[in-house]
Number of protein chains: 2
Amino acid sequence: MSKYLEIAKVLRDRIKSEYYPPDSLLPNQVDLVEEFGASRMTIKKALNILALDGLIYSRRGAGTKILNRSFWDKDTSPADEYGGLTATLAGSNKKIESESIIFEIEFPDEKIQDKLLLNPHQPVYKIIRLRIVDDEPFILEHTYFPAHIVPNLTEDHILSSIYDYIKGDLGLKFAGAFRNVQATKSDEWDQKYLDAKKDDPMLEVEQVIYLKDGRPLEYSRARNRYDKRGYTILDVQQN
Amino acid sequence: MSKYLEIAKVLRDRIKSEYYPPDSLLPNQVDLVEEFGASRMTIKKALNILALDGLIYSRRGAGTKILNRSFWDKDTSPADEYGGLTATLAGSNKKIESESIIFEIEFPDEKIQDKLLLNPHQPVYKIIRLRIVDDEPFILEHTYFPAHIVPNLTEDHILSSIYDYIKGDLGLKFAGAFRNVQATKSDEWDQKYLDAKKDDPMLEVEQVIYLKDGRPLEYSRARNRYDKRGYTILDVQQN
DNA sequence: GAGTGGTCTAGACCACCAA
DNA sequence: TGGTGGTCTAGACCACTCT
């Protein structure tokens, strides 16, 4: 692990444990250089991570302040989490289950071809999966994987964590994701599986996940009821 | 302007103009060092910005690839824009107007006190404003400013751009924002001003904007009809 | 003016990828 | 094995804030 990541981790722990209390100032960068035996550029890089996380805020001449934001106890999910719901809710005491509703392989329609950069004759897995948290139906996921990238997918995989299979067994690495959030009306699937009423608004998160080599790995639409979940975005100004 | 920002700007222009075509490789960092007369750390910093923007992707040993994502022609807004709709849509050919629906000063209720870190006796401006794009009602904003931070606000300000007044005349600087996106049912305001039907879903972006010194500047809820706008989020994995 | 963070350099070593 | 990007250093200069 890189030195700057190690330092960021230590500092993050100190902030979260309130060893550095909210609204106080962090030791200045020169002191941190001494404590960690690092160069100032490295310290700066560590601080930058915490700043992007919204934990601290630095001003020239004035020092680095520990921010006191009550963001962390929300029941909303950070919008930049992925790796699946399993990862997002890991560590909480929630019980997570999955139910497979559709699992089939088919040829992609135009929209899927466009999102996943496929030809009409390259088959995709089509999966509809219900995620259940604490015995409550929570999210309905419509997911497509190109079959040549995720070979030999089975229904077992989708009932546990698809991402363990993809990252672990296949050794694929994520580069990032592009998401779009919107409100929509409920469809028959939502009404059937999420117990949504006909005039209930739904929140839909549409995403394409990309691999490090640039190939799209997944197109999905995750739908949940308006009263069950929101998405949070933290935006810290670069300067 | 910092050197690394200048370099990032030049490279961004070259990518957008396809001087560096999509899917090709950027010149390697050593060559860029020569061209720009900068150290490699500075080049790296510039590249890092473009990577966070999702324009390029670097891999150890393999070079830096120009990504070709058709994200930019969406009619959705990036979720991390602020400074107002005026800034977001500047440069497009849209006609933007504002209509002031409510403009008053009052004492904050508990929710507003909590969001803006105020006492019950510190007054706030309460503003409800309709944003009209190309003659179509577009967004209904419910906004609160602490009166002691944004003194002497007038109805004129809110009809042009509040942010020009805040940034320019008052010299206040933004540190960042915390947002929450959710779907909700339409309320009477939406029905009256956005022409929403009773069972139309709405997309609501709730946000608190913070100043550089840590004080909350604004709490707002921006509502728009489900069929008018979505929010996009680009998430590039750090490593 | 003293103290802070932001940037920049020149060079170094290492991890990773491709041929 | 050679070329690439990722990290790190030690020192320097500058911009800003505070008082």
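So that the names make sense, note that chain A is the first sequence line, chain B the second, and so on, each numbered from 1.
When rounded to the nearest whole Å, the span between CG of B:Leu5 and C1' of C:dT7 equals 10 Å. The interatomic distance linking B:Phe36 (CZ) with C:dC8 (C1') rounds to 16 Å, in whole Å. Going from atom CG of B:Asn48 over to atom P of C:dT7 covers 12 Å, rounded to whole Å. Regarding B:Leu52, its CG atom lies at a distance of 12 Å from the P atom of D:dG6, rounded to whole Å. With rounding to whole Å, B:Leu32 atom CG is found 11 Å from D:dT4 atom P. When the C1' atom of C:dG5 is taken as reference, atom CG of B:Asp213 falls 17 Å away, rounded to whole Å. Atom CG in B:Leu26 sits roughly 12 Å away from atom P in D:dG6 (whole-Å rounding). When rounded to the nearest whole Å, the span between CG of A:Asn28 and C1' of D:dT17 equals 14 Å.
Contacts of B:Arg12 classified as side-chain contact (heavy atoms from CB on, under 4.5 Å), with partners at least two apart in sequence or in another chain: B:Lys16, B:Ile49, B:Leu50, B:Asp53, B:Leu55. In this structure B:Ser24 satisfies the side chain to side chain donor-acceptor pair (under 3.5 Å) test with no other residue, sequence neighbours excluded. With sequence neighbours left out, A:Val150 forms a side-chain contact (heavy atoms from CB on, under 4.5 Å) with A:Phe145, A:Leu153, A:Tyr165, A:Ile166, A:Leu170, A:Leu217. With sequence neighbours left out, the side chain to side chain donor-acceptor pair (under 3.5 Å) criterion links A:Glu34 to no other residue. A:Tyr219 meets the ring pair (Phe, Tyr, Trp, His ring centres under 6.0 Å) test with no other residue; sequence neighbours excluded. By the side chain to side chain donor-acceptor pair (under 3.5 Å) test, B:Arg59 pairs with no residue at all, sequence neighbours left out.
Proximity of a side-chain donor or acceptor of A:Asn28 to a complementary backbone N or O of A:Val30 within less than 3.5 Å is detected. Looking only at distances, a side-chain donor or acceptor of B:Lys65 sits under 3.5 Å from a matching main-chain atom of A:Asp213.
For B:Lys3 and C:dG6, the shortest distance from a side-chain N or O to OP1 or OP2 is not below 4.0 Å. Taking 4.0 angstrom as the limit, B:Thr64 places a side-chain polar atom (N or O) nearer than this to OP1 or OP2 of D:dG5. In this structure, A:Tyr4 does not reach the D:dC8 phosphate: none of its side-chain N or O atoms is under 4.0 Å from OP1 or OP2. Contact annotation: B:Gln29 side-chain N/O to D:dG6 OP1/OP2 distance is under 4.0 Å. Within the structure, every side-chain polar atom (N or O) of A:Ser58 is placed at least 4.0 Å from both OP1 and OP2 of C:dT4.
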Measure all distances between protein nitrogen or oxygen atoms and nitrogen or oxygen atoms of nucleotides 16-19 of chain C, and list the pairs falling under 3.5 Å.
unit_1 : atom_1 : unit_2  : atom_2 : d
C:dC17 : O4'    : B:Arg60 : O      : 3.4

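Of the residues in residues 38-46 of chain B, those with a non-hydrogen atom less than 4.0 angstrom from any atom of DNA chain C are B:Ala38, B:Ser39, B:Arg40, B:Met41, B:Thr42, B:Lys45.
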Taking only distance into account, with no hydrogens and no angle test, what donor-acceptor pairs under 3.5 Å do side-chain atoms of residues 103-110 of chain A form with protein atoms, sequence neighbours excluded?
unit_1   : atom_1 : unit_2   : atom_2 : d
A:Asp109 : OD1    : A:Lys111 : N      : 3.2
A:Asp109 : OD1    : A:Ile112 : N      : 3.0

